[in-house]
2 protein chains.
Amino acid sequence: MGHLTHFGADQERGGQMPRISAVERRALLCEAALLVLSRDGLGALTTRAVVAEAGMSLASFHYAYDSREQLLGDVIAAVIAKEREAGLAGLLAEAGSAEQALRAAVRGYLALLRADPGREQGMLELTQAALRTEALSPLAAAQYRHYHDVAADLLAQVATRHDVVWRAPLADLAALVVALTDGMTLAWLAERDDAALDRLADLAVAALVGQLEPALATEAAR
Amino acid sequence: MGHLTHFGADQERGGQMPRISAVERRALLCEAALLVLSRDGLGALTTRAVVAEAGMSLASFHYAYDSREQLLGDVIAAVIAKEREAGLAGLLAEAGSAEQALRAAVRGYLALLRADPGREQGMLELTQAALRTEALSPLAAAQYRHYHDVAADLLAQVATRHDVVWRAPLADLAALVVALTDGMTLAWLAERDDAALDRLADLAVAALVGQLEPALATEAAR
DNA sequence: TACCGAGTGGGACACCTGACCCACTTCGGA
DNA sequence: TCCGAAGTGGGTCAGGTGTCCCACTCGGTA
């Protein structure tokens, strides 16, 4: 019989999922996938690994998702949706100057990176793979657009809060922030040189400060 | 009999490799691997795809390499060894100022990126995967150290050629150059926004110029 | 000339992967 | 009370993967 022993209304219903809706299951699978991706990398992100992490059966996976590719898309979308920079807002409020605010923001991100390097590395791997997949590459683009929006918000907040203006268009500077962030991430992931990362962060902040000028200057110029 | 039909001393010895030494075969496989990696990505970089690209049999692969991992290591080492920035030296000589030289160097790299995006993307994928592999992660670190050295050389040349000095340590600025380069690469690969890349490049150059000062200034300070 | 080792070919193996299927259980509503 | 749909479990399939092996051919040397 084999599969007939489903132990129907058993008392011992060990760890099997007690009837979860498909949408909720998608969320659980997404979370499990992100965990596997962070811990073991994209190469180990198989349907079986995800299902094992979530404690489900393989069939439950294909009940929630049509394909692995669809799951990957949802993972990217989930990362876009989840706001991980919420903590940065608090840091900004405490800063005494624009430069201090920028430094706090950069250090805040780097703390996140150091706390969970696999997470950032996994997202990098996933993004690169998505760019190779026709259906997923728009999502990768959207992900970077989101990063830009977050960076632009940050820069705008710094400007208004500390009475300064940016010399270059906000969107361009936001792109610079994203590029600097990614660049620092890649370098540290490869070399794991903490001291070098700190010095690099200072240079990055200096680069941004160089694009800053007092608000009065523009008003006087009018 | 099947495999007995090796068509020994046939006239028609179509495309099969006519007795290549193991070391030379390694080079050919490396080259083929880099091509597959650029064109189809890391996920498609299988032993079979590599030997197909090189026009070899699968057995030849494991005669030259003990494992796929060993090949990946050789690919990284080959990229480190191959100097792709040779053309940049010419660009530097024509520049009339330090800023123009830096701009020419950045634009030179970006032209390389735009000409063969798969190449840069493939290297990113490979590096990330190497960082997940115990035996390969030192090579990934060496790769980035090499990037830093190249960048430091560039910055040093600019300084001596245009009679300027860098405000920050050369090694730190080299790290900034590498980070900016990687960041620009990632952003453009994801969004493919050429105009935004040009604006970003200008900001990157400005960030470097901000760390520059005339050589006379330091001499006067003495 | 005989031979021995380097190089080559095709096939095979064991394993993993994504996808799927069918029998089954549960639950909410008619 | 019944019933259909949602959800679940295990097994299975076809294809791909890295690795290995054996039979074979060639080039140089004793």
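All values reported here derive from a predicted model rather than from experimental measurement. Any value given below was found using the heavy atoms of this structure, including those in side chains, with hydrogens, waters and symmetry copies removed. Reminder, nothing fancy here: chain letters follow the sequence lines and each chain counts from 1.
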With sequence neighbours left out, which residue pairs that include part of residues 183-195 of chain B fulfil the salt bridge (charged side-chain N to carboxylate O under 4.0 Å, His left out) condition?
B:R114-B:D194
Under the salt bridge (charged side-chain N to carboxylate O under 4.0 Å, His left out) definition, can you give me all pairs with a residue in residues 38-53 of chain A, not counting sequence neighbours?
A:R39-A:E53
What about B:R19, does its side chain sit under 3.5 Å from the base of C:dT8 through a donor-acceptor pair?
no
Is the phosphate of D:dG7 approached by A:S60 (side-chain N or O, under 4.0 Å from OP1 or OP2)?
no
Euclidean distance, B:T181 OG1 relative to B:L176 CG, rounded to 0.5 Å:
9.0 Å
Could you write out each protein N or O paired with an N or O of nucleotides 12-17 of chain C at a distance under 3.5 Å?
unit_1	atom_1	unit_2	atom_2	d
C:dA12	N6	B:R48	NH2	3.4

Shortest non-hydrogen pair, A:M184 vs A:A201, comes out as SD-CA, 3.8 Å
For atom CD of B:E31, decide whether the heavy atoms of other residues, nucleotides or ligands shown that lie under 6.0 angstrom number more than 12.
no
Whether A:R25 contacts D:dA6 is assessed here as follows: a side-chain N or O lying under 4.0 Å from the phosphate OP1 or OP2. Is that the case?
no
Closest-nucleotide 5' rank along DNA chain C - winner of A:E69 and B:A59
B:A59
Check the distance between D:dC20's C1' and B:Q70's CD and give it to me in whole angstrom.
15 Å
If I take atom CZ in residue B:R26 and atom C1' in nucleotide C:dG7, what distance separates them, rounded to the nearest angstrom?
13 Å
Strictly below 4.0 Å: does B:H62 bring a side-chain N or O up to OP1 or OP2 of D:dT19?
yes
Can you see if the side chain of B:Y63 gets near the phosphate of C:dG7 - specifically, an N or O under 4.0 Å from OP1 or OP2?
yes
Can you check the A:M56 CE to D:dA6 P distance for me, whole Å?
18 Å
Do we see a donor-acceptor contact under 3.5 Å between the side chains of B:D182 and B:Y147?
no
In whole angstroms, the gap separating P of C:dG7 from CZ of B:F61 amounts to 16 Å
